[in-house]
Amino acid sequence: MSTFERLSAYRPYGLAALRIITALLFIEHGTMKLFGFPASQMSGPLPPLMLFAALLELVGGILILVGLLTRPLAFLLAGQMAVAYFMAHAPNSFFPAVNQGDAAILFCFVFLYLFFSGPGAFAVDNRKLA
């Protein structure tokens, strides 16, 4: 058995690390919009669509973090990121590095991966109900 084949035993833990770090970064986007933390250049009340996005980022991010309802939420959040990219970033330029849509694209595809793969280790979704 090769070294790389032996690494497969750790796949659920790598997936959990991806899920947890992605969720923490995603939550930060919600707190920035809702609470101005970390510091944001936004000011004033949020438009309804932006408020909805911020709530999805905060609440959805927390649920993904603990691994609760991972697959349906990941599907919803992937869609949110696709909409965010095409509404807010793509009109500014074709190139993600120019239109600052890199994060939206990465979040979209990481959430799609979580939708297909599940939460990995350390997830509430993995608990067996008595």
Side-chain angles (χ1 to χ4, degrees):
M1 182 185 302
S2 76
T3 302
F4 292 119
E5 288 171 351
R6 277 181 263 166
L7 285 173
S8 293
Y10 299 100
R11 185 179 301 146
Y13 304 105
L15 181 54
L18 178 67
R19 183 192 86 240
I20 291 165
I21 295 303
T22 300
L24 289 171
L25 293 172
F26 201 63
I27 290 166
E28 184 178 28
H29 286 270
T31 61
M32 191 170 18
K33 289 178 185 82
L34 291 170
F35 310 120
F37 180 81
S40 170
Q41 295 177 351
M42 293 184 210
S43 62
L46 293 174
L49 190 59
M50 189 73 82
L51 178 61
F52 183 65
L55 290 171
L56 279 176
E57 290 163 356
L58 179 64
V59 176
I62 290 169
L63 292 173
I64 293 284
L65 176 68
V66 299
L68 181 61
L69 301 171
T70 303
R71 287 182 179 208
L73 271 170
F75 186 75
L76 176 70
L77 297 177
Q80 177 201 2
M81 289 294 94
V83 168
Y85 180 79
F86 286 108
M87 282 184 70
H89 299 284
N92 297 324
S93 171
F94 176 77
F95 301 101
V98 175
N99 69 28
Q100 298 178 340
D102 317 51
I105 293 170
L106 282 171
F107 278 126
C108 179
F109 281 90
V110 169
F111 287 135
L112 275 178
Y113 181 69
L114 290 174
F115 171 67
F116 287 107
S117 67
F122 315 119
V124 175
D125 288 341
N126 295 335
R127 277 193 15 218
K128 302 274 190 243
L129 298 176

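Predicted model only: the values in this text are computed from it and were never measured. Counting from 1, the numbers follow the sequence of the chain as shown.
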Any pair counted as salt bridge (Lys or Arg N to Asp or Glu O under 4.0 Å), so long as it reaches residues 16-27, sequence neighbours left out: none
How is the hydrophobic cluster of V83 composed, in terms of its other members, when Ile, Leu, Val, Met, Phe, Trp and Tyr link through side-chain heavy atoms under 4.5 Å apart, directly or indirectly? L49, M87
With Y10, which residues qualify under ring-ring contact (aromatic ring centres under 6.0 Å, His included), at least two apart? none
What salt bridge (Lys or Arg N to Asp or Glu O under 4.0 Å) pairs are there with at least one residue in residues 78-101, not counting sequence neighbours? none
In chain order, what residues pass the side-chain hydrogen bond (donor to acceptor under 3.5 Å, both in side chains) check against N99, with sequence neighbours excluded? Y85
Pairs satisfying ring-ring contact (aromatic ring centres under 6.0 Å, His included), at least one member in residues 30-74, at least two apart: none
Side-chain heavy atoms of F26 within contact of Q80, under 4.5 Å: yes
Hits for ring-ring contact (aromatic ring centres under 6.0 Å, His included) against F122, two or more places apart or cross-chain, chain-then-number order -> Y13
R11 meets the side-chain hydrogen bond (donor to acceptor under 3.5 Å, both in side chains) criterion, sequence neighbours left out, with S8
Anything under 3.5 Å between a donor and an acceptor, one on a side chain of residues 100-109, the other on a protein residue two or more places apart or in another chain? List them.
none

Side-chain donor-acceptor pairs of residues 110-117 under 3.5 Å, sequence neighbours excluded:
unit_1 : atom_1 : unit_2 : atom_2 : d
S117   : OG     : Y113   : O      : 2.8

Would you mind listing every salt bridge (Lys or Arg N to Asp or Glu O under 4.0 Å) that reaches into residues 36-51, with sequence neighbours excluded? none
Summary of salt bridge (Lys or Arg N to Asp or Glu O under 4.0 Å) pairs that have at least one residue in residues 20-48, sequence neighbours excluded: K33-E57
When you group the ILVMFWY residues by side-chain heavy-atom contacts below 4.5 Å and let the links chain together, are F86 and L77 in the same group? no
